[in-house]
Amino acid sequence: MICFKKFTLREIHLPLKEPFKISSGTETIRRIFLLQLFNADGSETWSECCAGALPNYSYETIDTAWLAIKNWCAPRVLHKTFDSPQELNQALRRDFRGHNMAKAALEMAGWAMAAQLENIPLAEKLGGERKKIATGISLGIQDTPIILAEKVQQALDEGYQKAKMKIKPGQDLEFIATVRREVGDNAPLMVDANNAYTLDQIDHLKKFDDFNLMMIEQPLAYDDIYLHSKLQPHFKTPICLDESIANLEKAKEMVALGSGRIINIKPGRLGGFAESIAIHDFCQENNIPVWCGGMLESGVGRAYNVALASLPNFTLPGDVSPSSRYWTQDVVSPEWTMDKNGMVTVPWDKPGLGIEIDIDRVEKLTVRKETLK
Ligand SMILES: [Mg+2]
């Protein structure tokens, strides 16, 4: 029985291995929101809210999620008894719009706790099958095309099975062309535009078809489905939607309108696993492959993504890179690793999340902490 009696919310500052560039500047640490959840039977689990420091992916941030969890999510869950994580999910959704990343932090913990109580791995609880997850890398915008090409080549040499390059107008065609020339015709490349284009740039976007990309992710507005349907038919490269797919209904719209051919499933964006699985199943019935994106999670969030990516229709490599890609030291042990073939192993041999939290390290990195009971 899921019955949480106490949550501890923590913000930790996890140092990044190398600074990463975002629109508002360069960051050297990642603000990470972790939750420790205590069940009435004495067991406990951890979860991670994937919201960022700034509202530049969605409107949610660590600070809004903290407020939403404290004021609106926790009262629906604390000391309430749920027979299943689906029931917990319903309690979080009733007359409560938005704040999916906040909801997901509790909903996904419900699944981890249920798996732990049943003494089965989280992947099994979700309906997963895969023993190993093929891994892709996501590379930010680089200073020059040749630097990007070198980074892509290095990632492919390390075993990564997909290289995703962030692009924007002015830093696109020349970058992609250089990489394609340097790494060869068959290297698995894709681009993510993060909403940087508009439909009137269609002639420019069509030139992307020359580079045999696996997909282009979210070229148009972050909440658009319709205008993407005006682009996809004129475009050989499959469009993958990320930001626009806020729920199952949006996935249905995408298929009905022909707005894209692939979906990037991020459980945080979708309010948790119940909606993620529903989209996974719908896509499977409609021959839409899916993959699991990343939100610069610590090893805690990674455990959730790895379990989800073990479902059968996650047929494209996910952004589930090893701990060492971003962190000098992760907050879990063992750290997540990738083998030389670019595969991350699903912890089928352990119940629940399948990781141990390095509590001393978490304690040292904690900058804000609040217990709700
Ligand atoms: Mg994306």
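Residues take their numbers from the sequence shown, with the count starting at 1. These values consider heavy atoms only, across backbone and side chains, with no hydrogens, waters or symmetry-generated copies. Just follow the structure's listing: the first ligand is 1, and inside any ligand the first atom is 1. The model shown is predicted, which means the values in this text are computed figures rather than measured ones.
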Run D339 and N341 through side chain to side chain donor-acceptor pair (under 3.5 Å) and show every step you take.
CA-CA 5 Å; D339 70 18; N341 298 316; 4.5 Å; no
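Salt-bridge formation is not detected for the pair E275/R269: no Lys NZ or Arg NE/NH1/NH2 atom is positioned less than 4.0 Å from an Asp or Glu carboxylate oxygen.
The atom of D242 that is an N, O or S and sits closest to the Mg ion (ligand 1) is OD2. Here the N, O or S atom of E217 that is nearest to the Mg ion (ligand 1) is OE2. Atom OD2 is the N/O/S atom of D192 found closest to the Mg ion (ligand 1).
No side-chain donor from either of S244 and D224 sits under 3.5 Å from a side-chain acceptor of the other. A donor-acceptor pair shorter than 3.5 Å cannot be found between the side chains of T366 and E363.
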